[in-house]
Asker: 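There's a structure below that I have some questions on.
For the numbers below, each heavy atom of this structure counts, side chains included, while hydrogens, waters and symmetry mates do not. Along the sequence shown, the residues carry numbers beginning at 1.
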Amino acid sequence: MPRRWHLLLRPDDGTRPSRITPAQLHGLACALLEGAGADHHGQTKPFSITPLLQAPQAPGYALLTLGWLDDQTVPALEKRVGEQVRFGGQFFTIEDINAEGAAYATLLALPPVERVTMDFLSVTHFTRSGRWIPLPDAELLYTSLARRWNAYAETPLPNPLITELRETVLLTAHDVKSAPVEIAQGHRIGFLGQATFTLPRSVHPEVASAFTALSHFAELAGTGAQTTHGLGWTTITMPQHHARKTDGEAARRTRNRPHRQEPSEADSRASQTRRSQPQKRIL
């Protein structure tokens, strides 16, 4: 089942964590989720990772979120509490891990909406024909999300449905700025900021359901290229009054929303930092 883990990390030397590179993020994600014998150079990866963040409610600590997309297997990441991890020459101990998840079928059963706003919190870019695109292009965004969905979901989205979504979804507002990033392939220009995507009211309900599911999926998978390196970290907002269903139908289907596992009272420090995630500072 698709899953997301929030890791609270304590620097082992007691010093303030310094900048972590995309390559170091990728290396740790591979070590935690794939193991020593996996092909770490594979083109398609069933995970995503956010940048390393300062924990605002836990001074001196850091936060990291990992997303898992494979519907068949789930790594036992919770068992790694207390283990040491490293980013280059910086060492941390995993103090706490909180998890949340939702099945692909649950995402498809969410009340469909016609509008979603995405916040791109780490540098995001797309690639097409060997070129990178530093803009929140609606067609590229939802096509890439559908491609990753179909790579790992037990219930793939039909190609005609993806085509109709790609041809109808619109970028209706944005407030983004260019931002550089250094990755193994060299210097790239991406973007940071916010964008709103909208469907016409005449769209088929199945298209709206796919649009809603893929938008939620973006929080797990990230958006764009290099999401396994900390790029494309995305959160979403869906205004309640834009739901397509009636209030009664929406209330009945709310029971199918993704279940969130809350931390215990003893772990309240990690919970508080996770809830304020969009305000965290990237290291």
Side-chain angles (χ1 to χ4, degrees), residues 2 4 43-48 50 67 69-71 102-176 190-228 231-239 242-244 258:
R4 185 165 53 182
Q43 291 296 311
T44 303
K45 298 284 188 179
F47 63 82
S48 65
T50 68
L69 311 181
D70 195 341
D71 215 11
Y104 283 99
T106 300
L107 296 180
L108 282 172
L110 290 171
V113 299
E114 296 169 347
R115 183 166 71 92
V116 61
T117 296
M118 293 190 178
D119 284 281
F120 304 99
L121 303 175
S122 66
V123 178
T124 304
H125 75 282
F126 300 91
T127 58
R128 180 169 56 188
S129 302
R131 297 179 296 170
W132 69 89
I133 311 297
L135 295 168
D137 183 275
E139 179 179 345
L140 292 176
L141 189 150
Y142 281 94
T143 298
S144 65
L145 287 173
R147 186 183 306 115
R148 295 195 80 190
W149 175 293
N150 281 0
Y152 299 108
E154 286 187 341
T155 308
L157 300 172
N159 287 332
L161 181 61
I162 297 172
T163 298
E164 187 172 353
L165 173 59
R166 184 179 66 238
E167 293 177 349
T168 55
V169 64
L170 300 172
L171 172 66
T172 52
H174 69 84
D175 182 9
V176 298
F191 63 91
L192 295 165
Q194 187 178 87
T196 297
F197 303 95
T198 306
L199 291 177
R201 290 188 175 274
S202 60
V203 76
H204 193 281
E206 288 187 359
V207 178
S209 292
F211 171 73
T212 305
L214 290 174
S215 298
H216 280 281
F217 184 60
E219 292 195 313
L220 276 173
T223 53
Q226 304 289 325
T227 56
T228 60
L231 277 63
W233 173 30
T234 305
T235 61
I236 66 168
T237 303
M238 292 185 176
H242 282 273
R244 292 172 57 90

Asker: Strictly distance-based, threshold 3.5 Å: is any side-chain N or O of Ser122 a donor or acceptor partner for the main-chain N or O of Phe120?
Answerer: no

Asker: Looking at every heavy atom in both Leu231 and Ala225, which two are closest together, and how far apart are they?
Answerer: CB-O, 3.7 Å

Asker: To check you understand the geometry: which heavy-atom pair defines the closest contact between Ser215 and Ile236, and what is its length?
Answerer: O-CG2, 3.4 Å

Asker: If you round to the nearest 0.5 Å, how far is CG of Leu170 from CD of Glu139?
Answerer: 11.0 Å

Asker: So, taking the atom named CD1 in Ile133 and the one named OG1 in Thr124, what distance separates them when rounded to the nearest 0.5 Å?
Answerer: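 The OG1 atom of Thr124 is 14.0 Å from CD1 of Ile133, to the nearest 0.5 Å.
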
Asker: Among Tyr152, Phe211, Trp149, find the one that has a ring-ring contact (aromatic ring centres under 6.0 Å, His included) with Phe217.
Answerer: Trp149

Asker: Considering only heavy atoms from C-beta outward, does the side chain of Thr143 approach that of Leu140 to under 4.5 Å?
Answerer: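 A side-chain contact is absent here, since even the closest heavy-atom pair is not under 4.5 Å.
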
Asker: Which heavy atom of Gly224 sits nearest a heavy atom of Ser144, and at what distance?
Answerer: N-OG, 4.2 Å

Asker: Looking only at non-hydrogen atoms, find the nearest pair between Pro136 and Phe126 and report the distance.
Answerer: CA-CE1, 4.3 Å

Asker: Ignoring hydrogens, what is the shortest heavy-atom contact between Leu108 and Ala213? Give both atom names and the distance.
Answerer: CD2-CB, 3.8 Å

Asker: Just verifying a value: how many Å separate Leu107 CG and Glu219 CD, rounded to the nearest 0.5 Å?
Answerer: 10.0 Å

Asker: Roughly how far, to the nearest 0.5 Å, is the OG1 atom of Thr235 from the CG atom of Asp119?
Answerer: 4.5 Å

Asker: Could you check whether any side-chain N or O of Tyr104 sits under 3.5 Å from a backbone N or O of Leu69, counting only pairs where one atom can act as donor and the other as acceptor?
Answerer: yes

Asker: Can you list the steps and then say if Val207 with Val169 is a side chain to side chain contact (heavy atoms under 4.5 Å, CB included)?
Answerer: CA-CA 9 Å; Val207 178; Val169 64; over 6 Å; no

Asker: Is it the case that the side chain of Gln194 and the backbone of Thr117 share a donor-acceptor pair, with hydrogens and angles ignored and the cut-off at 3.5 Å?
Answerer: no

Asker: Once you round to the nearest 0.5 Å, how far does CE of Met118 lie from OG1 of Thr234?
Answerer: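 Result: 6.5 Å between the selected atoms.
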
Asker: Measuring from atom OG1 of Thr50 to atom CZ of Arg4, what distance do you get when rounded to the nearest 0.5 angstrom?
Answerer: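 These two atoms lie 9.5 Å from each other.
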
Asker: Would you say the side chain of Leu141 lies within less than 4.5 Å of the side chain of Leu214, judging by non-hydrogen atoms?
Answerer: no

Asker: With no hydrogens and no angle check, just 3.5 Å: does a side-chain donor-acceptor pair link Thr227 and Arg148?
Answerer: yes

Asker: If you take all heavy atoms of Pro2 and Asp71, which pair is closest and at what distance?
Answerer: CD-OD1, 3.6 Å

Asker: Test your reading of the model: is there a side-chain donor-acceptor pair from Asn150 to the backbone of Leu157, 3.5 Å cut-off?
Answerer: yes

Asker: Kindly say whether Val113 contributes a backbone atom to a donor-acceptor pair with the side chain of Thr212 at under 3.5 angstrom?
Answerer: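 Looks like yes, one N/O pair under 3.5 Å.
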
Asker: Spell out, as yes or no, whether a donor-acceptor pair under 3.5 Å connects the side chain of Ser48 to the backbone of Leu220.
Answerer: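 It does hold such a pair.
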
Asker: Could you check if a side-chain atom of Leu135 sits within less than 4.5 angstrom of a side-chain atom of Leu171, using non-hydrogen atoms only?
Answerer: no

